Number of protein chains: 2
Amino acid sequence: MPPADPQDRNIAATFAKGMAVLEAFDGQAPALTLADIARLTGQDRATARRGALTLMHLGYLRQDGRQFSLTPRVLTLAGGFLRAHRIGRQVQPVLNHHAGALGAEITLATGDGDRVLLLAQSTAHGGPVSYGFTPGSRLPLLHTSLGRMLLAGEDPEGLEARIAAAPIAPHTEQSLTDTAEIAVRIGRARQAGFCITDSEFEPGITGIAVAVAPNVVLGSSLPRGRDGAEGVDALLRGLQTCASELRQAGALSGL
Amino acid sequence: MPPADPQDRNIAATFAKGMAVLEAFDGQAPALTLADIARLTGQDRATARRGALTLMHLGYLRQDGRQFSLTPRVLTLAGGFLRAHRIGRQVQPVLNHHAGALGAEITLATGDGDRVLLLAQSTAHGGPVSYGFTPGSRLPLLHTSLGRMLLAGEDPEGLEARIAAAPIAPHTEQSLTDTAEIAVRIGRARQAGFCITDSEFEPGITGIAVAVAPNVVLGSSLPRGRDGAEGVDALLRGLQTCASELRQAGALSGL
DNA sequence: ACATGTTGTGCGTTATGCGCACAAGCGTCA
DNA sequence: TGACGCTTGTGCGCATAACGCACAACATGT
């Protein structure tokens with residue numbers, strides 16, 4: 001059963017190409033011109049133009065001059081997911097409560113292909129560091145505690161392939177580059193039930209992650225050595241009780 | 001015999017229909033069947049099926065049994081907007097800081113058609129009430145302080161038409177239903193530079209909103225009479241300084 | 001059992017989107 | 001200034017690709 005026939009009669013190529021146009025606005029650049037879109041999507045300029053014009057017609061894109069940019073309406077699509085999974089009603093309050101108690105920022109994330117996808121984030125006003133990530137942001141799988149914890153929760157059989165497929169893009173000088181060593185760390189995370197990374201994604205920042213459900217993890221971070229080992233321990237315990245509370249709420253079963 | 005261009009040659013109908021399928025997942029129901037999609041979009045079942053299958057192929061939809069549901073990947077689309085406008089980096093920290101100082105939840109919103117569209121939300125962990133809204137949630141224009149403040153910032157000429165176009169859906173028994181009276185309140189909000197509503201959207205809750213930029217407002221809410229009039233005053237002043245700080249950051253110029 | 005609701009899928013038709021090719025702007029260098 | 005490259009916008013013929021009817025298989029309730 002071939003997973004995707006390139007010429008499946010049941011797949012609307014025009015629709016897929018249009019979505020590629022929408023995906024081109026990934027935030028790397030705040031605005032794109034038609035030529036940019038055509039380049040990024042590999043489509044003919046005329047095709048890209050039709051896609052962009054259609055998105056404009058639907059209200060997802062706006063055009064000033066020759067620059068196209070996203071409108072806030074794209075948020076409504078995300079809103080559908082967040083509401084369907086009760087993120088605002090059941091998840092966010094739990095995150096906020098524990099973040100306040102711990103004085104740290106807590107992030108809920110899932111795996112999306114070879115990236116970590118941020119689902120929700122609780123903001124502690126006392127939080128010392130702010131990374132500027134939002135729901136919908138994507139992080140690397142291999143060099144974050146969140147990503148490694150996600151991989152630790154998967155079937156160990158396919159782990160090597162998953163690591164090989166994920167892009168090895170070291171973010172700091174301390175990022176591990178040896179895939180075997182990364183696999184070891186993931187294995188340890190599976191055993192321990194949590195994952196800690198140090199300075200692999202942001203220099204001087206220690207990341208902690210625990211599992212919540214299949215393909216759902218919870219994480220936080222703090223400056224290295226701020227409160228020493230006991231600070232990490234306290235944060236870890238806090239995350240674990242938070243995860244258990246989220247499990248009890250049970251809104252995160254389906255991805 | 002082309003019947004005088006039934007539709008614009010530059011707009012891809014297939015793409016628009018596919019987006020309609022995606023929009024059908026607005027969170028009202030956590031999952032939809034093919035028949036539901038066809039009904040909600042008014043499309044032929046075969047067309048809806050092609051759209052859903054294409055979305056599945058792209059990873060935005062998943063299917064278990066006969067139920068289709070959104071995957072977290074839709075969040076990446078919103079992430080593009082949030083990153084392009086520096087919401088996470090420049091806006092959220094300001095919101096968090098003021099929310100902590102005020103002990104109240106602060107919401108940033110814009111207008112999207114005849115609805116208020118939530119852009120970002122800062123959560124104070126001490127906040128007494130949580131409404132369960134998230135970025136991407138939509139609220140009525142006429143019965144919220146956010147919505148009325150948005151209308152107050154628009155061209156007064158078209159105000160009547162805007163009010164007539166927006167759905168009059170009273171949410172509480174105290175919701176104003178007289179459009180003329182609503183127009184008066186909006187006019188007052190324009191004069192005062194802020195808008196206060198009481199129990200019109202949620203019973204017993206007072207909402208406050210101030211303008212940040214064209215089509216961008218900031219709001220908060222508190223239980224009626226919690227801290228009396230001086231509580232409202234303090235919150236209002238806090239919102240105004242928060243708005244001014246956001247203006248200085250200047251990331252909210254383009255919608 | 002029937003009746004009513006699904007879902008999957010062929011297939012002929014033609015509307016529809018594709019991309020070439022032309023036209024019009026914009027800057028640079030001689 | 002004019003000729004040059006390198007953009008960008010758009011019309012139009014053609015072939016494809018999407019449409020939606022229609023049928024079959026299946027589930028559910030009366």
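Everything numeric here is computed off the predicted structure, so don't read it as measured data.
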Show each protein N/O and nucleotides 5-11 of chain D N/O combination with a separation under 3.5 Å, one pair to a line.
unit_1, atom_1, unit_2, atom_2, d
D/dT8, OP1, A/Thr33, OG1, 3.4
D/dG9, N7, A/Arg45, NH2, 2.7
D/dG9, O6, A/Arg45, NH2, 3.1
D/dT10, OP2, A/Arg49, NE, 3.4
D/dT10, OP2, A/Arg49, NH2, 2.5

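Counting only heavy atoms from C-beta outward, the side chains of B/Cys242 and B/Glu245 never approach each other to under 4.5 Å. Counting heavy atoms from C-beta on, the side chains of A/Asn10 and B/Arg49 come closer than 4.5 Å.
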Worksheet item: How does DNA chain C read in dot-bracket, base by base from 5' to 3', with Watson-Crick or G-U pairs under 3.5 Å and | used when the partner is on another strand?
Response: .|||||||||||||||||||||.|||||||
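For the side chain to side chain donor-acceptor pair (under 3.5 Å) with B/Asp64, the qualifying choice from B/Arg62, B/Arg66, B/Gln67 is B/Arg62, the only one to do so. Under the side chain to side chain contact (heavy atoms under 4.5 Å, CB included) rule, A/Leu77 has a single partner from B/Leu70, B/Leu75, B/Leu22, which is B/Leu22. For the side chain to side chain contact (heavy atoms under 4.5 Å, CB included) test with B/Val116, the passing option among B/Leu141, B/Val217, B/Thr107 is B/Leu141; the others fail.
Side-chain N/O atoms of B/Thr14 include one lying less than 4.0 angstrom from OP1 or OP2 on C/dG17.
In this structure, A/Lys17 places its NZ atom 9 Å from P of D/dA18, rounding to the nearest Å. When the P atom of D/dA18 is taken as reference, atom NE2 of B/His57 falls 12 Å away, rounded to whole Å. Distance CD (B/Gln67) to P (D/dA27): 16 Å, rounded to an integer number of Å.
With respect to B/Arg115 and B/Asp112, no salt bridge is recorded, no charged nitrogen being found less than 4.0 Å from a carboxylate O. Using a 4.0 Å cut-off between a side-chain N of Lys or Arg and a carboxylate O of Asp or Glu, A/Glu200 and A/Arg148 qualify as a salt bridge.
Around atom CZ of A/Arg190, more than 12 heavy atoms belonging to other residues, nucleotides or ligands sit under 6.0 Å away.
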